[in-house]
Amino acid sequence: MQNFTKLERIDPFKRGSNERKNDFKEIYEIFKNSEAAAQADRCVQCGDPYCHNKCPLHNYIPQWLRGVAKKDIELSFKLSNETNPFPEITGRICPQDRLCEGDCTLEQDGYSAITIGSIETYISETGFKKGLRPEFADEMSDKKVAIVGSGPAGFSCATYLLRAGIQVEMFEKANKPGGLLTYGIPSFKLEKEVVFRRFDYLTDAGMKLHLNSEVGKDVDLQDLIENFDAVFIGIGAEKSKKANLSGENGKNVFLAIEFLRNIQQKHFQEAYDKQYEVKGKNVVVIGGGDTAMDCIRTSLREGASSVKCLYRRDMINMPGSRKEFKNAKEEGAEFIFNASPKEVLLNSEGEVIGIEMLKTLLSQKDATGRQRVEIVDDSEFRVDADIVIFALGFDQVNPNYLSENGIETNKWGELVANSDRECSKQFVFTGGDCYRGSDLVVTAAEDGKVAARSISKKLLL
């Protein structure tokens, strides 16, 4: 171990931008055995590993890196899957530069961080090829839990309940499971077979999956509460935020999640709204996070004539992953920083023809330590557009069945729960974006894990 003085950081091979923007296949290859072992051997094996502490799931990162370096894939696979319900997914989509890799000791000491995410993906994919599988309980108890929503939080909760020997039935309103993993994150970051493979493992372990089953419409939440020993609610945050601008309700003004969902439905050959097709159009995306990058890169692959990203802060202050920004630039996106939207411009028929922007400056830091955005007077400028996509984050959608069943929400619409993720109604648990607000897949996975452990304690003791 500790070969960081001899070896530099190497990332997996990435397909060239001209090739990859013509399809929706993943752009990174999986490490070869020798590459993964060499990169893992750079780890200094810290006594108090910052990577482990910064990870919301508190993965055993140094331990499975050591296993990879020693070419013990079975040990690494077991350790990786112990703390993480789907490591090959988080390895692909987590913003490692802001989490584990960003706190790597090597990064702090002037070296390049270990390629933790890529090695995490390598471990599972190599293990699967060798016939390794995630472990679940050999026998099931008579306790059963209903899970509402198959996104990352519900996905995680189901995994840990099945490991504890508790029966699970999952109710998902869509045609396919996975929530935002399936319909929100494009395939060039996460191919859907990767998601569906994990669900196959859960159903093989005994989980009953009910697709096209929307709670509040096809299924009554009260019936679930009465007929199951516990219920987990993981319905996410599916309402895209608007900017409250004049003209934002015009034709061809889209919200990010609706755009991404419809394009994915198109690729699944499901029914979709053809207004979201962008071929031959000039697209403008407002926002600077990973969802904005997803919209940009999807538009490019869908044949947009041009794609511009407008963000009100500078490049350094973009909230998204560095690698996603880099990939978008390589694929042909144009970025305009320090620009805040003022008005969506429409023609006489209510169609988008452009967006009026205002130049911004960053001033003093606020209470969170982030610089405030100030508008520059008389700084208006226009950007022509056929389509405008707002990627400004997400809000909760509060179904009526929550209040009808005595489940409290706060002023932001988030479900109120204690540290065990139990809601105001006993034996009803929650986690993910509907509980904490729009956040990361990995934090939703942690919520699901915490909730599963709390449910297990209540039901099995």
Side-chain angles (χ1 to χ4, degrees), residues 56-60 63-64 67 72-90 120 123-125 127-172 177-179 181 194-211 213 224-225 227-234 420-422 426-432 441-442 444-461:
L57 286 165
H58 302 296
N59 288 328
Y60 301 138
Q63 290 82 4
W64 48 250
D72 189 342
I73 193 63
E74 291 189 21
L75 175 62
S76 297
F77 184 92
K78 187 176 182 66
L79 289 170
S80 178
N81 278 269
E82 177 68 24
T83 57
N84 193 333
F86 34 68
E88 70 280 10
I89 293 176
T90 56
E120 183 177 41
I123 291 169
S124 284
E125 295 299 343
F128 292 147
K129 286 183 179 178
K130 289 181 174 290
L132 302 180
R133 297 292 182 267
E135 297 179 357
F136 298 98
D138 293 329
E139 295 183 7
M140 289 291 164
S141 70
D142 61 351
K143 303 300 181 182
K144 57 181 183 177
V145 174
I147 294 182
V148 181
S150 66
F155 193 171
S156 175
C157 187
T159 299
Y160 287 97
L161 289 173
L162 290 167
R163 291 184 188 181
I166 295 175
Q167 299 177 55
V168 173
E169 290 194 38
M170 181 178 283
F171 298 85
E172 168 56 51
L181 297 173
V194 174
V195 178
F196 301 152
R197 176 177 56 194
R198 277 280 170 177
F199 276 96
D200 287 342
Y201 293 145
L202 297 185
T203 54
D204 287 347
M207 184 183 80
K208 295 180 180 178
L209 176 60
H210 303 277
L211 298 175
S213 297
L224 298 183
I225 293 172
N227 295 321
F228 288 80
D229 296 291
V231 175
F232 177 86
I233 299 176
D420 289 332
R421 308 303 190 270
E422 188 169 17
Q426 272 198 321
F427 295 99
V428 176
F429 295 76
T430 190
V441 167
V442 69
E446 173 63 7
D447 287 338
K449 180 165 69 171
V450 171
R453 288 175 176 171
S454 302
I455 293 169
S456 299
K457 288 179 182 178
K458 293 197 75 165
L459 299 186
L460 298 180
L461 287 181

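Nothing here was measured: the structure is a model prediction, and the numbers come from that model. Below, each value reflects all heavy atoms present in this structure, side chains not excepted, and no hydrogens, waters or symmetry copies.
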For T83 and L57 the tightest heavy-atom approach is O-CD2, 3.7 Å

So, applying ring pair (Phe, Tyr, Trp, His ring centres under 6.0 Å) with Y201, which one of F86, F128, F196 is it?
F128

Salt-bridge present (E135, K78; N to O < 4.0 Å)
yes

Can you tell me how far CG of L209 sits from CZ of F199, rounded to the nearest 0.5 angstrom?
7.0 Å

How far apart are the closest heavy atoms of P177 and E172, and which atoms are they?
CA-CG, 4.4 Å

May I have all residue pairs that pass salt bridge (Lys or Arg N to Asp or Glu O under 4.0 Å) and include part of residues 450-461, sequence neighbours excluded?
E422-K458

Please walk me through it: do S456 and L161 pass side chain to side chain contact (heavy atoms under 4.5 Å, CB included)?
CA-CA 7 Å; S456 299; L161 289 173; 4.0 Å; yes

Under the 3.5 angstrom rule, does the side chain of N81 hit a backbone N or O of F77 as a donor-acceptor pair?
yes

Minimum heavy-atom separation for Q63 to L79, with atom names?
CB-CD1, 3.8 Å

Just by modelled atom types, is the P152 backbone N or O under 3.5 Å from a matching donor or acceptor in the S156 side chain?
no

Donor-acceptor pair, side chain of D72 and main chain of G67, under 3.5 angstrom
no

Side-chain heavy atoms of F429 within contact of C157, under 4.5 Å
no

Nearest heavy-atom pair of P56 and V442: which atoms, and what distance?
CG-CG1, 3.6 Å

Under the 3.5 angstrom rule, does the side chain of D229 hit a backbone N or O of K144 as a donor-acceptor pair?
yes

In the structure I gave you, are the side-chain heavy atoms of K130 and E74 within less than 4.5 Å of one another anywhere?
no

Where the side chain of R163 meets the backbone of E82, is there a donor-acceptor pair that is under 3.5 Å apart?
yes

Can the ring centroids of F427 and F228 be said to lie less than 6.0 angstrom from one another?
no

Closest contact, heavy atoms only, A158 versus L202:
CB-CD1, 4.3 Å

